Amino acid sequence: MDMFDQLVLAEDRASTAGSKAGPGSAADKLLKGLNPQQSQAVQHRDGPLLILAGAGSGKTRVITHRIAWMVQVENIRPSSILAITFTNKAAAEMKSRIEALVGGASSSMWIGTFHSMLLRILRRYADRLGFTQHFTILDSDDQQRVIKQCFKELSIDDKKFPVRMVHGRIGTAKNSLIGVEQYEREAGADFIQEKVAKVYSRYQQILKQNNSMDFDDILFEAVKLLDNNPDVLEQYQQRFQYIMVDEYQDTNHAQYRLVHMLSAGHKNLCVVGDDDQSIYSFRGANIQNILDFEKDFKNCTVIKLEQNYRSTNNVLQAANAVIKNNRGRKSKQLRTELPDGDLITFYKGENHSEEARFVAREISRRADGSDSEQPFGEIAILYRLNALSRNLESALREQGVPYKIYGGTRFYDRKEIRDVLAYLRLIMIPDDRLSFARVINTPRRGIGDATVAAIDAIAARTGQAPLEICRQAGQYPELARASGRLMLFHELIDGFRKLLSHGEISLAELIESVENDSGLIQEIIDQQEKSSVNDSVDRIENLKELLSDAVEFQSSYLEQIKSVRENPEQAAAEDLEGADESLVSALSAYLERATLYAELDGDTQQDNVRLMTIHSAKGLEFDTVFVVGFEEGLFPGYRSMESEEAIEEERRLAYVAITRARKKLYITTAGSRLIFGQTQAFRVSPFVLEIPDQYIEEIGGARFGGSYSRGAAYGSDRKPEGATAAAGGATGASEPFSMAGRGRIQFPGAPASQASKSPLQGFGQKPADRREESRKQQGIDPATLRRGDRVKHQKFGTGRIEQITPVANDAILVVEFEKHGIKRLMAKMAPMEKI
DNA sequence: CCTGTTAATTTTTTT
DNA sequence: AATTAACAGG
């Protein structure tokens, strides 16, 4: 404690010195421009506080200012503050805003998602739960694999019991803190429940054996830990004297319990939320948590923020009109003093591509328009389903509008990336069976289901790790056929392990070695000729991007270690406990980030139009918002249309979407669209009809009525082509330089440096140390190659280059060899030279 | 026993 | 459209 106090003193001095005229002025600054309710919330210090914050009511401002107030005015120790958000994006946002207010003091606060924060705790006390400190985390894809495996073992028919459904039930159980035993008890004679209980039980068993937890376990196990270990609970109760929870309406039961346990002593709990914005019931969120807060804490203070500062009146009234159709809500009415502003524009296109084109043109019109120029970064396109982003992408490309897609198949979820990550995990943890199973025959190396099953059987019998069985494959008669290939596989992994333990190379170099030597890249290249869809370029670019990501990660990781050494008070210290500069340590941190942080961080400040689901847009705001696909069946989704409750949640989602807009809102629909592999005609969503006429103007077809008029202001007769497309720089699919996987834009004209300026460039040629183990960088710089050039390959002899396809800062070559026929190779990687 | 091809089935939202 | 299951051929 002594050391703590000294640090506190140092911070006090810093904060008073920072505000020139003493604490009074800091206080003034924090309260400036706030309305009475906001100001009251900021100054609230002790005891439970419920802030009912309508959309756009300055909620984040209140939270950040309140935290700054606690630190600067109340002299509360920053490290005793815990702020919980739902998404990493929101946490990052909050962190940076708090840092802007209080500076370095923010680094010792815990600001993060439930999952990231609990993971810190769980790692530290993993042994109390029967895990080791480095347990792994399964994402939902991994979960489904395990469930499938359970089905196989228990011979359950996945036709009768969809994996998704069982997965969902197990998740729901965990979110409600129902463990295996209780589930089994309650299942009773119910046939389905009984089966689910069997799977649940086996599933947990497998996870435990693999020393792993899934996302839901993070919550479940954390509750268990605190429940069964009073000393641990007390430690964190002591530590977190002030707790804030954002988006409280979206907490599930487990999260509710956690918050209550942690704040049980001091009751300094401040929750912020809006029942109208509860949109996560599918993952167990319970609105009742916020509605009952006053009951849970008898003497709590309630502050309502009903003044909206975000949206113009037309937008806000439209939102109010929609949400008031919900029955299960606390009645409230948001006000704004802003002017009416533009009407909401409703557009109905004939089909999805017309809709997308309308959006794209409208965006370039607004952005280029001489009268009121609008940066791309202030425009967002929102949709109910990720699947809707595809149409938009091509239309935006045609118009040359820069954009970035958030969410969707997230970077780390891409198949090729997951494959690499599985290799890395297996290298780290040789007895990780899940990764082994994923990777053993990826790329194809002649080891099929039967062999894997045999390995499983041996593993179950002898308790050896699968990899070890591969090493000794010769000893087992049932593996005789594949033994050669199995031993080769073991050698491959063992080679990687040596690279890792020597630790003389960078993380990126290790990953690059995996990408090349495993044959993953080669397989992608080879697929290029077979499959008609040419996504090999994208996939390879993703793999290259993973390398730059690793470079970035490692340098910031090393920096963080250094900074924590100097100032161990930082919250990050917990994550880095036992961490050092070694490669193993970096890899382990990297893998953790990959599972927990779906987004690749970085260029958040770029001037791109943002595309995302409404769910991920929660908490964000933009000058101009397009909500596309506002059709019955999509939004509300057809699955929600049976129950009134589900419809109400969809309506809240519509409310969230509408209230993201500051100045201008577009709502668009299409008379018919290609989705789920079929062209379907949808009606306009009933939610749109709930907006009174006075707030909305219609283009290209009325909201009401079945038929739609064609081509009003933005007809389909004027197709964008030629000049328009060329002006954008990126042209159609024929162009060899394609978009990088996630919509990052590369201009073909620009030298390769723009995208590949990464620190990675040329690291292969580092002359320092030449180890036999590492790849010999004998390839050729693709920039020096032309079609028709002759090359000499180590294995294939001489040949002629038939085709060059640029990829990231490398290129795929199609080479016709004199003796070995046509091969596809990466220019920089292949062991060959120009002749 | 493994692989590639064809047929069939399936689609929310996130940590 | 895209992923996955069943099937035939090597």
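This is a predicted model, so every value here is computed, not measured. Within every chain, numbering begins at 1; the chains are lettered A, B, ... in the order of the sequence lines, protein sequences first and strands thereafter.
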Open item on the list: How many whole angstroms separate atom CD1 of A:Ile170 from atom C1' of B:dT15?
Closed with: 17 Å

Open item on the list: By the 4.0 Å heavy-atom rule, please label A:Gly446 as base, sugar-phosphate, or nothing.
Closed with: sugar-phosphate

- [ ] Between B:dT13, B:dT3, B:dT11, spot the one nearest the side chain of A:Asn441, thanks.
- [x] B:dT3

- [ ] Identify whether a stacking contact exists between A:Phe114 and B:dT15, where the ring centres must be under 5.5 Å apart and the planes under 30° apart.
- [x] no

Open item on the list: If you assign each of A:Arg445 and A:Asp216 to its closest nucleotide in DNA chain B, which residue comes earlier from the 5' end?
Closed with: A:Arg445

TODO: Can you tell me the distance, in whole Å, between the CG atom of A:Leu258 and the P atom of B:dT15?
DONE: 18 Å

TODO: Please check if any side-chain donor atom of A:Asn326 sits under 3.5 Å from a side-chain acceptor atom of A:Tyr655, or the reverse.
DONE: no

Task: Per A:Arg283 side chain, nearest of listed nucleotides C:dA5, C:dA2, B:dT14 - done: B:dT14

Task: Which nucleotide in B:dC2, B:dT15, B:dT14 has an atom nearest any side-chain atom of A:Phe215 - done: B:dT15

- [ ] Between B:dT13 and C:dT4, how far apart are the C1' atoms? Round to whole Å, please.
- [x] 23 Å

TODO: Write down the distance between CD (A:Gln255) and P (B:dT14), rounded to a whole number of angstrom.
DONE: 16 Å

- [ ] Answer whether the closest heavy-atom distance between the side chains of A:Ile525 and A:Ile521 falls below 4.5 Å.
- [x] yes

- [ ] Grab the CZ-P distance between A:Phe151 and C:dA5 for me, whole Å please.
- [x] 12 Å

TODO: Using whole Å, report how far OH of A:Tyr412 lies from C1' of B:dT14.
DONE: 17 Å

Open item on the list: Tell me which one of A:Ser281, A:Ser643, A:Ser278 satisfies side chain to side chain donor-acceptor pair (under 3.5 Å) with A:Glu649.
Closed with: A:Ser281

Task: Earlier contact from the 5' end, DNA chain B, for A:Ala387 and A:Val452 - done: A:Val452

TODO: Kindly say if A:Lys159 contacts the phosphate of C:dA6, meaning a side-chain N or O under 4.0 Å from OP1 or OP2.
DONE: yes

- [ ] Check if the side chain of A:Arg444 and the base of B:dT3 share a donor-acceptor pair of N or O atoms closer than 3.5 Å.
- [x] no

Open item on the list: Can you see whether A:Tyr406 has A:Arg610 sitting over its ring - NZ or CZ less than 6.0 Å from the centre and within 45° of the normal?
Closed with: no

Open item on the list: By the 4.0 Å heavy-atom rule, please label A:Thr451 as base, sugar-phosphate, or nothing.
Closed with: sugar-phosphate

Open item on the list: Applying a 4.0 Å non-hydrogen cut-off, can you work out what A:Asp449 is touching in the nucleic acid: base, sugar-phosphate, or nothing?
Closed with: sugar-phosphate

Open item on the list: Aromatic contact between A:His615 and A:Phe282, with the criterion being ring centroids under 6.0 Å apart: yes or no?
Closed with: yes

Task: Gap between atoms CD1 and P, on A:Ile455 and B:dC1 respectively (whole Å) - done: 12 Å

TODO: Tell me what A:Leu219 touches on the nucleic acid: a base, only sugar-phosphate, or nothing, going by heavy atoms under 4.0 Å.
DONE: nothing

Open item on the list: Please pick, from B:dT13, C:dA1, B:dC2, the nucleotide with the shortest atom-to-atom distance to any side-chain atom of A:Ala450.
Closed with: B:dC2

Task: Distance test, side-chain N/O of A:Asn386 to OP1/OP2 of B:dT14, below 4.0 Å - done: yes

Open item on the list: Just the rounded figure in Å: distance from P of B:dT11 to CG of A:Leu634.
Closed with: 15 Å

Task: Interatomic distance, A:Glu523 CD vs B:dT3 P [rounded to whole Å] - done: 10 Å

Task: Phosphate OP1/OP2 of B:dT14 contacted by A:Ser140 side-chain N/O (<4.0 Å) - done: no

TODO: Validate the cation-pi geometry between A:Lys159 and A:Phe161: distance from NZ or CZ to the six-membered ring centre under 6.0 Å, angle to the ring axis within 45°.
DONE: no

Open item on the list: As a test of reading the structure: which of B:dT11, B:dT15, B:dT14 is closest to the side chain of A:Arg639, going by heavy atoms?
Closed with: B:dT11

TODO: Counting heavy atoms from C-beta on, name the nucleotide in B:dC1, B:dT14, C:dA2 closest to the side chain of A:Arg481.
DONE: B:dC1

Open item on the list: Any base atoms under 4.0 Å from A:Ser640, or only sugar-phosphate, or nothing? Heavy atoms, all strands.
Closed with: nothing

Open item on the list: If only side-chain N and O atoms count, and only distance matters, is there a donor-acceptor pair under 3.5 Å linking A:Arg169 with A:Tyr200?
Closed with: no

